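Here is how names work: the chains are called A, B, and so on, in the same order as the sequence lines, proteins then strands, and each is numbered from 1. Nothing here was measured: the structure is a model prediction, and the numbers come from that model.
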Amino acid sequence: MTERYDPGAVEAKWQERWDDTELYRVDIDGAEHPFYNLMMYPYPSAEGLHVGNVYAFTGADIHGRFKQLQGHDVFEPIGFDAFGIHSENFALEQGIHPMELIPRNVANFTRQLKRMGFMYDWYRVVDVTQPEYYKWTQWIFLQLYKTGQAERRKAPVNWCPSCKTVLANEQVIDGHCERCETEVVQRYLDQWFFKITDYAQRLLDNLEWIDWSDSTKRLQRNWIGRSEGADIDFDVVGYPDERIRVFTTRPDTLFGATFMVLAPEHPLVEKVTAKKQRAIVDKYVKKALAMDLVERKKAGEERQKTGVDTGAKAINPATGEEISIWVADYVLMEYGWGAIMAVPAHDERDFEFAQQYELPIRIVVVPAEQYDGFDPNAELESAFTEHTEDEVLVNSGVFDGMPAAKAIEKITAWLEDEDQGTGTVNYRVHDWCISRQRYWGPPIPIIHCDKCGIVPVPEEDLPVLLPYVENFKPDESGVAPLARSEEFFYVNCPECGGAAKRETDVSDTFLDSAWYFMRYPSTDRDDVPFDALRTERWLPVDMYIGGEEHAVLHLMYSRFITMALHDMGHLPFEEPYERFRKHGLIVREGAKMSKSRGNVVIPDDYVEKYGADTFRAYLMFLGPYEEGGDFRDQGISGISRFFDRVWDAATSDDLADGPPETDELNQKLHATIKKVTEDVSTLQYNTAIAAMMEYLNATRAGGRSPRRSEIEPLVVMIAPFAPHLAEELWERLGHDGSITKGHNWPEYDPQLAVADEVDIAVQVNGRFRATVTVDRGASEEEVKAKALAEDAVRRHMDGKEIRKIIFVPDRLLNIVVG
RNA sequence: GCGAAAGUGGCGGAACCGGUAGACGCGCCAGCCUUAGGAGCUGGUGGCCAUUGGCCGUGGGGGUUCGAGUCCCCCCUUUCGCACCA
């Protein structure tokens, strides 16, 4: 043995060499086997790289390196999501301007990322706060505006009366300001929306074919929240020109609709309320509207349902009965039509409300077996919500006896004939509000002119630069801080040339991240957001790896933006990420990491002590990548020892030539290559590492020294996990150049990957009794003969007659006696 | 409340299509080496009884099967989403 493995020295040497030789700089215009390997770019916090970042990036980097070793030209870029509320709040807290703070954080992140040995192409970094980037973010806004997909309308924002500022949703905790704990209220402001709801069905449909983690798809489906049902119009007594439209998923229960409920914001509330009820309804509505959204949305179990009778009546189109119209805040304006038909017998919320206010409850659906002799005056203890083929209608006129599932169709058809309703689909997704009354983001490229109205900034005038504003703290005016820069604010109208004002809101940071991956290949182009040929070559992204916390917002928004740009003819594809895999979360000693617990893993500390390679590999070893794992400080020594032993084996003085010494070892080698290739392809890094350990143990069994042919393939397989170590060993094994260049991933021979001899488990009456060794593919007779020769088998057969034999080739023989 | 996922040694975790449960690693135990070691090497390590050997064992209970960690039903626990979405 010569020299000990010194990770620090090895890693410094190779990082320098990678830099010098521009090893990971991709030939963006000429690559022949392009593979776009993407990971979710980080928000560069002041604390520096979090172990969660390292975990995410390591798993993604391993995939990229694996593809590279298999002969692809891998493009693996990185960038910084440095705009947004996080950065701004931190800047406010520290009293440092973000324009000063962010570059510092970016520099620190860059240092840390380089230290981890990721194969980033550092020549194509995206920083969303740079005008060269957000110029095109603004361009995208303009394209959406031009095609009518960006729209300005009034919407509520969270307002903290104490801090006198607009809050983002994530700053509202349980209805209170996260800073001063004052109760948050709603204010209505003009804001910009992207019409993502127009894409709801397509966003849903494409989930059928894109190759994503199932759980992520499920989250997206829930978020889109498609419901099939019907819109139904109810006539209002005394108002022949008005109808109240409701959405329901249960048109089959129409005969059971015994009252209606309007949301407090519903436009008809004021109009239809009877005189004698006016005062009490006004009071209720005012109170409801003063409550902030979060408070109001608190679950019904915590807060009893409240409401008031308007005194007005509507006509149930099925029964012709007059039913009362109520106002209650459990009905939300933003879903459906802000009004419901209440069917207390078959909806839990309506049931609760009806009980509270003693409103009539009429059963219209019962289990089929209760149909005969059903008592029309039966009472319910809770709402009965089943509605399949096995439940049938009662109290429903001509529809009596019809299965509920069928009645949904039939009653919808009847409503259509009567011009009282239509079958329809509703979605939960709302349009995307991109306005932020904040400072640290790209200005929305719009000018407000008294004469011309809303005027988009001409494309040739982009970017609209974010001005330096000394005091960037939001204030009580509800007007964004950008209004304080006169230079910025006052502008001439691009259409009439008259005096005009700029839009002072900035856009949501999710807009920055909705298209950053399109920019990477074209960071050197200032004339287009993304070069057409490069986009053709590299996009859509081949593999995207990231956290599931972005399953609905980031991933949904970037799919939407991609679709919109595709429809405008800017992109040849409509789904941005061909494959997406989520990774799990790291906990420590079974507990979530948090600053207050003081159990946060600081990557720098471990890298310093064990080296980046060992830290990387340990993170991958501690659990299935897609599920996360439990970080235990003791565990890291297992990887450390493993690498020491790989080092010793590969740098041994008596490294013999020739093929693997025994057939058995050769078989083990091929089986290991097969296992590692498959596991790395499917992100099962923990078992890939285990297989490599097992193999190394086999090559060293009995204290022997492995041969070169036994150890070289292992060095290559280790390369994605421990790139520096692999480079060093590759060089010491006598190779020129980098291990990552060329097609070095070992191939396996499927014939050799399986053993010639197999151990077959022998059971008697299903219980394991012995094992016999036979040639692969041995016949039942052969195995049986050998099995019956075993003492342990015969003993347990106890001289009884063989009833049956179950034979699974190469695996098992079960002798059933009795 | 609804939805999803998961419960396997002292610990992190393996286990193809139902076919020898506990791979790999940590820890622990014994031995070797060493002036010494929180280093390295070798061996052992699910539990219980035992002389060969045997019984029990994947949250609990039932079932299907020659055979169940794996499939079905009921229950318990944990984690994560959504949270009055009509």
Side-chain angles (χ1 to χ4, degrees), chain A residues 1 4 214-215 218-219 221-223 225-227 229 246-250 253 257 261 263 296-303 305 328-332 334-343 346-350 352-353 426-430 548-549 551-552 584-585 587 589-590 592 618 621-624 627-639 641-642 644-645 648 678 684 686-697 700 702-703 759-771 791-792 795-796 803-808 810-818:
Chain A
M1 206 170 301
R4 292 196 54 153
D214 285 338
S215 58
R218 194 165 41 237
L219 287 168
R221 285 198 187 95
N222 288 346
W223 189 258
R226 181 191 154 100
S227 305
V246 303
F247 172 75
T248 178
T249 54
R250 297 291 308 280
T253 63
V261 186
R296 211 176 120 188
K297 279 186 173 173
K298 267 189 191 163
E301 57 194 85
E302 286 171 40
R303 210 164 60 79
K305 287 190 174 37
D329 65 7
Y330 81 92
V331 173
L332 307 174
E334 72 263 19
Y335 187 77
W337 298 98
I340 60 157
M341 66 175 206
V343 186
H346 305 294
D347 180 280
E348 282 163 23
R349 298 150 299 175
D350 298 346
E352 192 191 320
F353 193 77
N426 237 294
Y427 302 91
R428 274 175 74 165
V429 264
H430 293 109
E548 196 153 47
E549 67 275 18
V552 284
L585 294 177
V587 298
E589 315 277 332
K592 221 178 231 174
Y618 177 56
F621 185 58
L622 44 79
E627 281 159 46
D630 190 356
F631 192 101
R632 290 179 184 257
D633 288 30
Q634 272 183 336
I636 198 166
S637 57
I639 295 290
R641 286 173 198 156
F642 172 53
D644 280 342
R645 292 190 296 166
D648 290 347
E678 288 168 356
Q684 290 166 286
N686 56 331
T687 49
I689 294 171
M692 291 189 279
M693 288 173 163
E694 204 180 330
Y695 172 68
L696 180 69
N697 291 344
R700 293 164 46 105
D759 288 340
I760 292 193
V762 182
Q763 300 181 335
V764 177
N765 283 350
R767 308 194 62 134
F768 172 76
R769 294 302 173 191
T771 151
D791 262 0
R795 181 153 24 94
H796 288 276
R803 286 261 168 98
K804 191 173 169 186
I805 288 199
I806 314 277
F807 178 63
V808 184
D810 297 335
R811 273 196 179 277
L812 164 140
L813 185 84
N814 186 8
I815 303 167
V816 186
V817 298

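- Spacing between B:A15 and B:C2 at atom C1', rounded to whole Å, works out to 34 Å.
- With both pairing distances under 3.5 Å, B:U64 is matched to nothing as a Watson-Crick or G-U wobble pair.
- In this structure, the nucleotide among B:A86, B:G25, B:C26 sitting nearest to the side chain of A:Met693 is B:G25.
- Using bins of under 30°, 30° to 60° and over 60° for the plane-to-plane angle, the ring pair A:Phe353/A:Tyr330 lands in the tilted bin.
- Pairing for B:G38 is absent, with no Watson-Crick or G-U wobble pair whose two atom distances lie under 3.5 Å.
- At whole-Å resolution of the value, CD in A:Glu352 and C1' in B:G1 are 11 Å apart.
- Here the shortest heavy-atom pairing between A:Val343 and A:Asp350 reads N-OD2, 2.9 Å.
- Looking at every heavy atom in both residues, A:Val246 comes nearest to A:Trp337 through C-CD1, 3.7 Å.
- Taking only side-chain atoms of A:Asp329, from C-beta outward, the nucleotide of B:G27, B:C84, B:A86 with the closest atom is B:C84.
- B:C80 is paired with B:G3 under the Watson-Crick or G-U wobble criterion, all donor-acceptor distances under 3.5 Å.
- Nucleic acid contact for A:Asp644: none, since no nucleic acid atom lies under 4.0 Å from a heavy atom of the residue.
- Between B:U79 and B:C56, the distance separating the two C1' atoms is 31 Å to the nearest Å.
- The CZ-P distance, from A:Arg428 to B:C84, rounds to 8 Å in whole Å.
- Classified by its glycosidic torsion, B:G9 falls in the syn category, the angle being within 90° of 0.
- Contact between the side-chain N/O atoms of A:Lys592 and the OP1/OP2 oxygens of B:C80 is found at a separation under 4.0 Å.
- Residue-level contact check: A:Ile340 touches the bases, meaning some heavy atom is under 4.0 Å from a base atom.
- Across B:U70 and B:C17, the matching C1' atoms stand 11 Å from one another, rounded to whole Å.
- Across all strands shown, B:U45 forms a Watson-Crick or G-U wobble pair with B:G27, both key distances being under 3.5 Å.
- Taking CD1 of A:Ile806 as the start and CD1 of A:Ile815 as the end, the distance is 11.0 Å to the nearest 0.5 Å.
- Both A:Phe247 and A:Ile689 lie close to RNA chain B; mapped to their nearest nucleotides by heavy-atom distance, the more 5′-ward contact belongs to A:Ile689.
- For the pair A:Asn765 and A:Ile639, both in contact range of RNA chain B, the more 5′-proximal nearest nucleotide belongs to A:Ile639.
- Atom name P, nucleotides B:C75 and B:C26: the rounded distance is 42 Å, in whole Å.
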Readout for nucleotides 41-59 of chain B: B = base within 4.0 Å of protein heavy atom, S = sugar-phosphate only, - = neither; 5' to 3' it is S-----------SSSS---

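- Scanning all heavy atoms of the two residues, the minimum distance from A:Ser227 to A:Thr249 falls at CB-CG2, 3.8 Å.
- Remark: C1' of B:G1 and NZ of A:Lys305 are 11 Å apart, rounded to the nearest angstrom.
- For A:Tyr618 and B:C26, the OH to C1' distance is 8 Å, given to the nearest whole Å.
- Within a 6.0 Å sphere centred on CZ of A:Arg226, heavy atoms belonging to other residues, nucleotides or ligands number more than 12.
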- prompt: Run the side chain to side chain contact (heavy atoms under 4.5 Å, CB included) check on A:Glu549 and A:Leu219 step by step: do they pass?
  reply: CA-CA 10 Å; A:Glu549 67 275 18; A:Leu219 287 168; over 6 Å; no

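- Taking atom C1' on both nucleotides, B:U42 is separated from B:U34 by 16 Å, rounded to a whole Å.
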Under a 4.0 Å heavy-atom criterion, the protein footprint on nucleotides 2-23 of chain B, written with B, S and -, is --S------SBSS-B--BB--B

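- Rounded to the nearest Å, the gap between the P atom of B:U64 and that of B:G53 is 35 Å.
- Spacing between B:G25 and B:A36 at atom P, rounded to whole Å, works out to 29 Å.
- Under the Watson-Crick or G-U wobble criterion, with both distances below 3.5 Å, B:U52 has no partner in any strand shown.
- Considering every non-hydrogen atom in both A:Arg250 and A:His346, the closest pair reads NH1-O, 4.0 Å.
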Working note: A:Gln763 + A:Leu812, criterion side chain to side chain contact (heavy atoms under 4.5 Å, CB included); need CA distance, chi angles, decisive distance, verdict. CA-CA 8 Å; A:Gln763 300 181 335; A:Leu812 164 140; 3.5 Å; yes

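- Heavy atoms only, all atoms of each residue included: A:Asp630 and A:Arg632 are closest at OD2-NH2, 2.7 Å.
- Comparing the same atom, P, in B:G22 and in B:C16 gives a spacing of 13 Å after rounding to whole Å.
- Whole-Å rounding puts the A:Tyr335 OH to B:A86 P distance at 4 Å.
- Minimum heavy-atom separation, A:Ala792 to A:Arg769: CB-O, 3.6 Å.
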